[in-house]
Amino acid sequence: MKRTLSVCPKFEKAFQIIGKKWNGLIIEVLLNGECHFSMIADAIPELSDRMLAARLRELEALGLVDRHVDTGYPVQVTYRLTEKGQEIQPVLAEVHRWADKWFVSAAEAKIK
């Protein structure tokens with residue numbers, strides 16, 4: 001007897017978003033509060049500005065990130081998580097817990 005398995009489409013969509021390279025890290029940075037583009041870029045140095053801009057646009061289109069433009073001088077652009085984006089926090093907290101248990105950080109590796 002052959003058993004058929006399938007993945008829930010909603011679960012698949014969530015993993016396509018969170019699992020896409022850089023998205024989880026961008027969301028992690030924004031969980032600390034509103035940020036300018038340069039603050040996000042500084043927090044994730046391996047991420048190019050071009051890719052960061054593309055990912056922020058995607059996350060904004062998905063309703064996870066809000067882009068706010070202050071038209072004063074100079075123009076200031078900030079990014080923050082929407083309510084939908086903030087609700088990912090418990091998921092990422094569990095990923096932190098799992099990673100702390102199973103992976104050694106670079107600092108810990110130097111000590112050993």
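Clustering ILVMFWY residues whenever any of their side-chain heavy atoms sit less than 4.5 angstrom apart, transitively, puts Val104 in a cluster other than the one holding Trp102. Clustering ILVMFWY residues whenever any of their side-chain heavy atoms sit less than 4.5 angstrom apart, transitively, puts Met51 in the very cluster that holds Val65. Linking Ile, Leu, Val, Met, Phe, Trp and Tyr residues whenever their side-chain heavy atoms come within less than 4.5 Å leaves Phe11 and Leu92 in two separate clusters.
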Discussion item. Could you walk me through whether Leu81 and Asp66 satisfy the side chain to side chain contact (heavy atoms under 4.5 Å, CB included) test, starting with their C-alpha distance in whole Å, then the side-chain angles of each, then the deciding distance to 0.1 Å, before giving a yes or no?
Written reply: CA-CA 6 Å; Leu81 291 175; Asp66 181 42; over 6 Å; no
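The two residues Arg55 and Lys21 have their closest heavy-atom pair at NE-O, 2.9 Å.
By the 4.0 Å N-to-carboxylate-O rule, Arg57 lies too far from Glu60 to be salt-bridged with it.
The structure places CG of Asn23 at 9.0 Å from CD1 of Ile88, a figure rounded to the nearest 0.5 Å. A distance of 10.5 Å separates CG in Leu59 from NZ in Lys84, rounded to the nearest 0.5 Å. For the atom pair Gln76 CD and Thr71 OG1, the distance stands at 11.0 Å (nearest 0.5 Å). Taken to the nearest 0.5 Å, the CG atom of Leu47 stands 8.0 Å off from the CG atom of Leu25.
Checked against ring pair (Phe, Tyr, Trp, His ring centres under 6.0 Å), Phe103 has the following partners two or more places apart in sequence or in another chain: Trp98. With sequence neighbours excluded, the residues forming a side-chain hydrogen bond (donor to acceptor under 3.5 Å, both in side chains) with Arg67 are Tyr79, listed by chain and number.
You'll find the side chain of Ile44 reaches within 4.5 Å of the side chain of Ile26, heavy atoms only. For the pair Lys20/Gln16, no side-chain contact is recorded, criterion being any heavy-atom separation below 4.5 Å from C-beta on.
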Can you give each donor-acceptor pair under 3.5 Å made by side-chain atoms of residues 29-43, sequence neighbours left out, with the distance rounded to 0.1 Å?
unit_1: Asn32; atom_1: ND2; unit_2: Val29; atom_2: O; d: 3.4
unit_1: Glu34; atom_1: OE1; unit_2: Arg80; atom_2: NH1; d: 2.9
unit_1: His36; atom_1: ND1; unit_2: Val77; atom_2: O; d: 3.1

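No more than 12 heavy atoms of other residues, nucleotides or ligands sit less than 6.0 Å from atom CD of Glu83.
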